[in-house]
Structures are given as C-alpha cells and as structure tokens.
Amino acid sequence: MSLNIRNLFQLKKENNKHLINIFSYFLFFLSNLVFLLLIPSEFSKLFFLNYSLANGIFSYFVVLLFSQKKILDTKFFLIFFIFSTIYCFTLGSLTFLIWLYTLILIYADYFFSQKKYLKSNLFIKFSLLLLSCLLFFDKFTLYLVINIKILFLCICILVFYIFKIHSSNQLELKRPNLYVFSTCIIYFGSLYVIALVSINELIKLFYISFQIFLSIKLKIFDLKIRGIMTITKFKKILFITALIYFMILSIYSYSYFLLILFIISYFSLSYVDERFIQNK
C-alpha cells in the first residue's frame, strides 16, 4: 500500500515537471510571437529576412553544441556576448543587432531548458514575454527592446555561471548533424522564402502563420528529444487544421504558393521525424 502511494506521488511529481516544461515552452513561443507581431512595419522586411537566416545558421550550431557530451564552457559565450553587445551599441547597426539577438535567444533557450532548475527557466521565459510587451509602448523602440532583452539574458547567464549552475543535460539525437541540418533548412529556409517573396502588407501574416504551425511540429520533436514527453495524438488534427487555414489564406491572398510551400515543409519535417527521431 505504501509503495503504491509512493509511486503515485512520484508520478504526480513527474507530471508537474512536464507541465512546467510545457508551460515554459509556451511562454517562450508566446514571447517571440508577441515580439514579431509588434515589430514596426517599416522594419518588418529587414528583421524577418535577417532573423530567419540567423536562426537557421545559429540553431544548427547551438543544437549540435548541446548534443555533445562535453559542452563548451559558458564563459566563452559570456565574453563573446558582452563584447558583441558593446560593439553593437557603438556601431548602431540594427542588422548586426538582430543577428546577435537571435544567437543569444537560441543559446539561452537551450542553456536554461537543459537544466533541472525548472522554475528558474519558467521565470526567465515569463520575463522575456513581459519584455516583448514593451513594444506596446511608443517610448520603447525596436532597437531599445532588443538591447534590453539581450542585457537581461546576459545577466541571467552570468548569474547561473557565478553560482556554478552551468552544466547542462545532453540532447539525445541519432546522427545530430543530419537532423539539425535538415530541420534548419526546412523550417528556417521556408521562413526565409516567405520573408523574401512577401509584400510588406502581408509579410507578418504569412511569416507568423508559417511559424506557428511548423513550430508546433518542431516543438513536438523537441519534447521527444529532450525526454520530456512523446505526443502521438493530434498530429492529424494539426495537419488538417493547418491545411484548411492555409487554403483559406491562399484564396484570400491569391497566392497558392503559400499552400504548396507549407505542404512541402510539413511532409519534409515528417520525414525527418521518421528518419532521425522515431528510429533513434
């Protein structure tokens, strides 16, 4: 009887961990979504093109980094981030700032998510959401908010490093090089094409629509890889919902290229799942 109670308690504890992890993922996704929605229209094209390209390149290297048994010392990244931030501030280049912002955002996501301190990760992701909301206020420019988010993440990483909380769990991947390269090319390549061909009036709608539906699929991969949970249900529902949505969007915009690109991207990611995750 006591053994059953103990097992039940452990199961409940594991479920709470899963919920905290999933909620942290949701907050991080929401913070990025809010940030992208609030980007001033005059900067949309510049931001989305550079953000997509930087995401594809940096995601490849960061995921490979965290899939190694021995991860490069955090101090090297801290030094790089600090000096790059100072350089950005003196240079005043928005393009360079977007690339730095993308890199530290990706690195910080894995840095905090791959640790056992789930509540700290949750707090950081919630804080990023609040910082993204600063764009609601006219006094906070895009340039300023990006700098604030970079500074906040640098401070958080520095605090973890000072208190020697810098060991991370290894990502378990079969042939990580091919997996990461494939997902980056498919996902961020699609987003880059969307940013490249879309007109300014529709770029946010197309880009964010693609990001929402494809990133949900990637997050399912991510949860499985990190050993948090495996989601096999709702895949068909996700695909049918996305298909109907993009059909309506294509009819509305008179651009069926959007629907074709989504179908190709979705099934390409499904192939990557079968090839490198389900059979790992």
Using side-chain contact (heavy atoms from CB on, under 4.5 Å), reason through I208 and I212 one step at a time and then give a plain yes or no.
CA-CA 6 Å; I208 291 171; I212 288 173; 3.8 Å; yes
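- Within the 4.5 Å cutoff, no side-chain heavy atoms of Y87 are placed close to those of L100.
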Just do the side-chain contact (heavy atoms from CB on, under 4.5 Å) check on I124 and F160 with the steps written out, would you?
CA-CA 12 Å; I124 290 165; F160 269 60; 4.3 Å; yes
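- Of all heavy-atom pairs spanning S268 and I186, the tightest one is CB-CD1, 3.5 Å.
- Taken together through direct or relayed side-chain contacts under 4.5 Å among Ile, Leu, Val, Met, Phe, Trp and Tyr, F239 and I260 form parts of separate hydrophobic clusters.
- Placement of F96 and I82 in two distinct hydrophobic clusters is found when ILVMFWY residues are connected by side-chain heavy-atom separations under 4.5 Å, directly or transitively.
- Counting heavy atoms from C-beta outward, S190 and F262 have side chains that stay 4.5 Å or more apart.
- Looking at every heavy atom in both residues, L131 comes nearest to V145 through O-CG1, 3.5 Å.
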Derivation and outcome, side-chain contact (heavy atoms from CB on, under 4.5 Å), residues L243 and L259
CA-CA 8 Å; L243 190 63; L259 177 62; 3.8 Å; yes
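- Residues F47 and F35 bring their aromatic ring centres within 6.0 Å.
- Put simply, the side chain of L38 does not reach to within 4.5 Å of the side chain of S132, judged on heavy atoms.
- Between Y245 and F213, the angle of the ring planes lies from 30° to 60°, which puts this pair in the tilted group.
- Considering all non-hydrogen atoms of both residues, I237 and T241 come closest at O-OG1, 2.7 Å.
- With no hydrogens or angles considered, a side-chain donor-acceptor pair links Y207 and S52 at under 3.5 Å.
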Go through it in stages, so that I can follow the logic: the residues are L249 and L205, the test is side-chain contact (heavy atoms from CB on, under 4.5 Å), and I'd like the CA-CA distance, side-chain angles, deciding distance and then a yes or no.
CA-CA 9 Å; L249 195 58; L205 176 62; 3.5 Å; yes
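- Under the 4.5 Å side-chain criterion, counting only non-hydrogen atoms from C-beta, T183 is not in contact with F188.
- Between atom CG of residue L128 and atom CG of residue L153 there is a gap of 5.0 Å, rounded to the nearest 0.5 Å.
- Under a hydrophobic-cluster definition in which Ile, Leu, Val, Met, Phe, Trp and Tyr are linked whenever side-chain heavy atoms come within less than 4.5 Å, directly or via other members, Y256 and F267 are assigned to different clusters.
- When the options T102, N55, L97, I98 are evaluated for a side-chain contact (heavy atoms from CB on, under 4.5 Å) with N50, the one that passes is I98.
- The closest donor-acceptor contact from the side chain of K204 to the backbone of I39 lies under 3.5 Å.
- Here the straight-line distance linking atom CZ of F81 with atom SG of C88 works out to 12.0 Å at 0.5 Å rounding.
- In terms of heavy atoms, S182 sits closest to V272 at CB-CG2, 3.7 Å.
- Expressed to the nearest 0.5 Å, how far CG of L191 lies from CG of L49 amounts to 11.0 Å.
- Applying the salt bridge (charged side-chain N to carboxylate O under 4.0 Å, His left out) test to every pair with at least one member in residues 122-151, sequence neighbours left out, gives these pairs: D109-K125.
- In this structure, S31 contributes its side chain and F28 its backbone to a donor-acceptor pair below 3.5 Å.
- Going from atom CG of L258 over to atom CD1 of I263 covers 10.0 Å, rounded to the nearest 0.5 Å.
- Around OH of Y143, the count of heavy atoms belonging to other residues, nucleotides or ligands within 6.0 Å exceeds 12.
- The backbone N or O of A195 sits nowhere less than 3.5 Å from a side-chain atom of S198 that would complete a donor-acceptor pair.
- Ring orientation note: the planes of F111 and Y107 are close to parallel, at an angle under 30° on the 30°/60° scale.
- Under the 4.5 Å side-chain heavy-atom criterion for Ile, Leu, Val, Met, Phe, Trp and Tyr, V197 and I264 are members of distinct hydrophobic clusters.
- Nearest heavy atoms, L27 versus L122: CD1-CD1, 3.6 Å.
- Residue Y252 holds its OH atom at 12.5 Å from OG of S250, rounded to the nearest 0.5 Å.
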Step by step, work out the side chain to side chain donor-acceptor pair (under 3.5 Å) result for K217 and S270.
CA-CA 9 Å; K217 193 169 182 65; S270 295; 3.1 Å; yes
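- Taking hydrophobic clusters as Ile, Leu, Val, Met, Phe, Trp and Tyr residues chained together by side-chain heavy-atom distances below 4.5 Å, F26 shares a cluster with L130.
- For the pairing with F58, the ring-ring contact (aromatic ring centres under 6.0 Å, His included) check across F77, Y51, W99 returns one residue only, W99.
- The neighbour count for F29 CZ, taken as heavy atoms of other residues, nucleotides or ligands under 6.0 Å away, is above 12.
- If you take CD1 on I104 and OG on S84, they are separated by 9.0 Å, rounding to the nearest 0.5 Å.
- For the pairing with F210, the ring-ring contact (aromatic ring centres under 6.0 Å, His included) check across F257, Y266, F246 returns one residue only, F246.
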